[in-house]
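See below for the structure under consideration.
These numbers come from the heavy atoms of this one structure, side chains and all, not from hydrogens, waters or symmetry mates. Since the model is a prediction, treat every value here as computed from it, not as a measurement. Start at 1 and go down the list; that is how both ligands and their atoms are numbered. One-based numbering along the sequence shown.
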Amino acid sequence: MNFIILGGPGCGKGTQAKKISLKFGISHLSTGEIFRKILEQKNVLSETLRQYVDKGILVPDSIVFDIINTQITNCQVGFILDGFPRNMNQAIKLDQLLLSQNKIIDNVLYIYLESDETIKRLTSRRICRKCCKNYNLITEKPKEDEICDLCKIKLIQRRDDKLKTVFERIKVYQSETLPLINYYEKQKKLIKISGLGIQKEVFKLILEKIGKNYN
Ligand code: AMP
């Protein structure tokens, strides 16, 4: 079983992708998380990535594709792609890669959210740099003030969750990623889910929608 989870910045796709991967026993392949891990190191690749990620713009397709190609090729179980594909070129390349490996995407989960809500969520989002769990200082607070419930370390704000970068990410999403909705709708793979509720409610909605196919 292979999924793509699609949606704008802050729609909760990372959190939902983790829940789905646990529920179905499949791998969670998140390009954003992979990049953030690389950014914690000091090397040529991290210096290159920083120029894009910190500004909220897309990393060149060749770099992204090298990484995702290895991940998919090595994946022995199903997977959920989170943050990839992000533009038409990546989507077409992905289809070619999957075809060459006799794999298919079963469903594309599209989580939609208004821009106002996106901005509110991203600027109040905090993450644990160790386990990557996401919190929200308004709606999904940690038990102790800005401390990860699981790892007990101080939460951080992603550098690209600062307001100026958030605007840029929304712009990039609208021009580069939104056309994919139509692409997957034509393939009859798209499942639309409102991202407005809290994590638990959105997850329930996802299960209801895909449950029909995977009972
Ligand atoms: P995310 O955690 O998915 O919001 O990704 C954080 C940042 O990583 C994005 O703003 C981009 O700079 C970069 N990134 C993640 N996935 C991709 C991708 N598929 N293509 C290009 N850049 C990406």
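- Side-chain N or O atoms of Lys103 include one that pairs as donor or acceptor with a backbone N or O of Ile72 at under 3.5 Å.
- Near ligand 1, Thr31, Gly32, Phe35, Arg36, Val53, Ile57, Leu58, Val59, Val64, Gly83, Phe84, Arg86, Gln90, Arg158, Asp160, Arg169 each place a heavy atom less than 4.0 angstrom from the ligand.
- Listed for the Arg50 side chain is a donor-acceptor partner under 3.5 Å among the backbone atoms of Leu39.
- Taking CG of Leu58 as the start and CZ of Arg169 as the end, the distance is 11.0 Å to the nearest 0.5 Å.
- Under the 4.0 Å criterion applied to side-chain N and carboxylate O atoms, Glu168 and Lys171 are assigned as salt-bridge partners.
- Of the residues Arg125, Arg36, Arg121, the one that meets the salt bridge (charged side-chain N to carboxylate O under 4.0 Å, His left out) test with Asp161 is Arg125.
- Sequence neighbours left out, the pairs with a member in residues 131-143 that pass side-chain hydrogen bond (donor to acceptor under 3.5 Å, both in side chains) are Ser124-Asn136, Asn136-Thr139.
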